[in-house]
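For reference, positions follow the sequence shown, starting with 1. Counting starts at 1 for both ligands and their atoms, in listed order.
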Amino acid sequence: MNRPLQWRSFSNHAFHEASFDIRTAAQPTALPYSSLGHAETTMYTVARTSAIFRAQVTRTAATTSHLRARRHRMWSVELEKDHKFKSPSEIIDPAMIDRLLEESKEKAKDRPLVREILAKARERAQLRGVPRGEDEHEYVQGLDLADAAVLLNIDTQDPASKPILDELQATALDIKRQIYGNRIVLFAPLYLANYCVNSCTYCAFRGQNKHIGRSALTKDQLVAEVEALQKLGHRRLLVLTGEHPKYTFDQFLDALHTIKGVETKPCGKIRRLNVEIPALSVSDFRRLKATDCVGTYTLFQETYDPRVYKRYHPSGPKSDYGHRLLTMDRAQTAGIDDVGIGALFGLTDYKSEVMGLLQHAHHLDKTYHAGPHTISIPRLQPADSAPDAIAPPSPVNDDDFRKLVAVLRCAVPYTGMILSTRESADMRRELLNMGISQMSAGSKTDVGSYHKEKMQADENHTQVDGGAKSLEQFQLQDHRSVDEIIGELIGDGFLPSFCTACYRKNRTGEAFMKIAKTGKIQDFCHPNSLLTLQEYLIDYASPETRVAGEQLIDKESKTISENAQRALKRKLDKVKAGERDLFF
Ligand code: SAM
Ligand code: SF4
């Protein structure tokens, strides 16, 4: 698609509007970057958004120093007016969360009541009792907030809780199997740039960190990086960047097209690009959508508690809680209907964060008929010069972390749950049995590290101890190769999948939710997963993984109907004969 897009760029004192083809345009000049340090004002109301829009198109107003300062700090400026969204306090209600968690403390000790809630979770994920003629997808709704609060309050440190925690875990795993089968979708993160104007107190990329080496991938480096990922077997990437005028949204859009064009034999191209990039305006979400190459847009709220949000995000565009919370509403408004949410565990009480995730998910589901496509559960890891990563304010222990994953699976059965290599190999293995459906493999969080080329660090930043600078966002705990992870998954009875078919068959947003909520993902995903695994085994697997994988394909092929088996066999034979990228 070569659709020219309207592009408005800001220079120091003037506003320009130009017709711009995002595929062919040269990189725009980096905007000047004024110093940070004071808070952004909130921008979530229509009135304010409109006011900003009017101010931007008015040359006189645009020259005021206040607007200039704000404009230069924002990665994505709103050019549309009159979008009406709920206010953040209608979406996330901290007082209600506190009340429900308080009220459920005693209830959590009532074992028969907890068992009733677990039975309800199974029931609601299994579509029992749907009145005839009713829209059945409406009935797979998981748990309400009050029930989720009870489960969250089970005391993991009390030895007497062990049996009920085992039941919680079994329920979560059954629900996951019911909806997602035994598939685990694999992906890798790809960091484009680590410049950032924000001040997140837990992240090594924050602007205040003068120790870290800063860099952005050049086009050649990006191509090399994608080739390296393809040679590991990856088909699905999560593309990330910090927020800084040295790496603009236009450069990012250009990078997406570069990634999409990279092709190595025998794997071919990357087939799904998910993105985790700074909060965008509706107008820029439309431009993202127009690239026609983005799957899920992901953004973590980090903490859902508006009372402490500012403490962890003292300055920069991200310091605006409301603007960040409404990001998914802006995405949906612009037609990006697969969105991924997440909370960074370790900043505040984990129970409140899970409740915040659920309130956010319910809002999206109710408003757009599509709950979040994915929920991520990053847990704080040590990071260079990031005080709250070195000493997390509310650390979540492993027992509570296992429990919260299981509660989320029971509460939102239809949503994919993502686990990254922030967690250790052992922890990841355990969490797979609590409802995780996607995980990263062979990940790196330092810019350019897949192709191992030494990145040229920015001259403005000082060397650490005169030695090589770290480029890593935070420390990873699982350093195993993709092949090792796949080997372990197969050994544990899981089906590793590189499938990207739903998005390419337009099974996204509400359409995907209808399939997911009625428990029908299996019909498509199971054979598609087997096809992608077959490709991986032929093209990239070690001999041991290949043997184990062939046996798994053989076994799993027999779990589908005879008709489906015949259709699958035809496609598997084609893959063995050299065809690639086949799916149902
Ligand atoms: N810069 C964008 C943003 O913040 O929205 C894009 C995502 S950022 C590159 C990826 C995510 O990493 C953040 O949203 C945050 O939750 C997570 N993160 C940052 N520091 C971390 C740490 N020390 N440990 C674990 N996760 C961390
Ligand atoms: Fe920047 Fe994102 Fe890191 Fe915050 S979490 S400092 S916004 S890269």
Donor-acceptor pair, distance only, cut-off 3.5 Å: does the side chain of [X] make one with the backbone of [Y]?
{"X": "Asp446", "Y": "Ser449", "result": "no"}
{"X": "Asn194", "Y": "Gly213", "result": "yes"}
{"X": "Gln169", "Y": "Ala406", "result": "no"}

- Excluding waters, which are neither shown nor counted, protein N/O/S atoms under 2.8 Å from atom 4 (Fe) of ligand 2 come to 1
- Note on the structure: Between the CG atom in Leu79 and the NZ atom in Lys81, the distance rounded to the nearest 0.5 Å is 12.0 Å
- Query: Would a 4.5 Å heavy-atom cut-off, applied to side chains only, mark Ile377 and Leu404 as touching?
  - Reply: yes
- Test side chain to side chain contact (heavy atoms under 4.5 Å, CB included) applied to Thr258 and Asp220, Leu217, Leu192, Val223, the passing residue: Val223
- Return the protein residues near ligand 1 (heavy atom under 4.0 Å from any of its atoms), ordered by chain and residue number. Tyr191, Tyr202, Cys203, Leu240, Thr241, Gly242, Glu276, Leu299, Phe300, Glu302, Lys318, Arg324, Leu344, Arg379, Leu380, Gln381, Ala383, Ala389, Arg422, Gln473, Phe474
- Query: So, Lys444 versus Tyr191: side-chain donor-acceptor pair below 3.5 Å or not?
  - Reply: no
- Please say whether the positively charged group of Arg379, taken as NZ for Lys or CZ for Arg, lies over the ring of Phe401, i.e. under 6.0 angstrom from the six-membered ring centre and within 45 degrees of the axis. yes
- Query: Which class fits the ring pair His363 and Tyr368: parallel under 30°, tilted 30 to 60°, perpendicular over 60°?
  - Reply: perpendicular
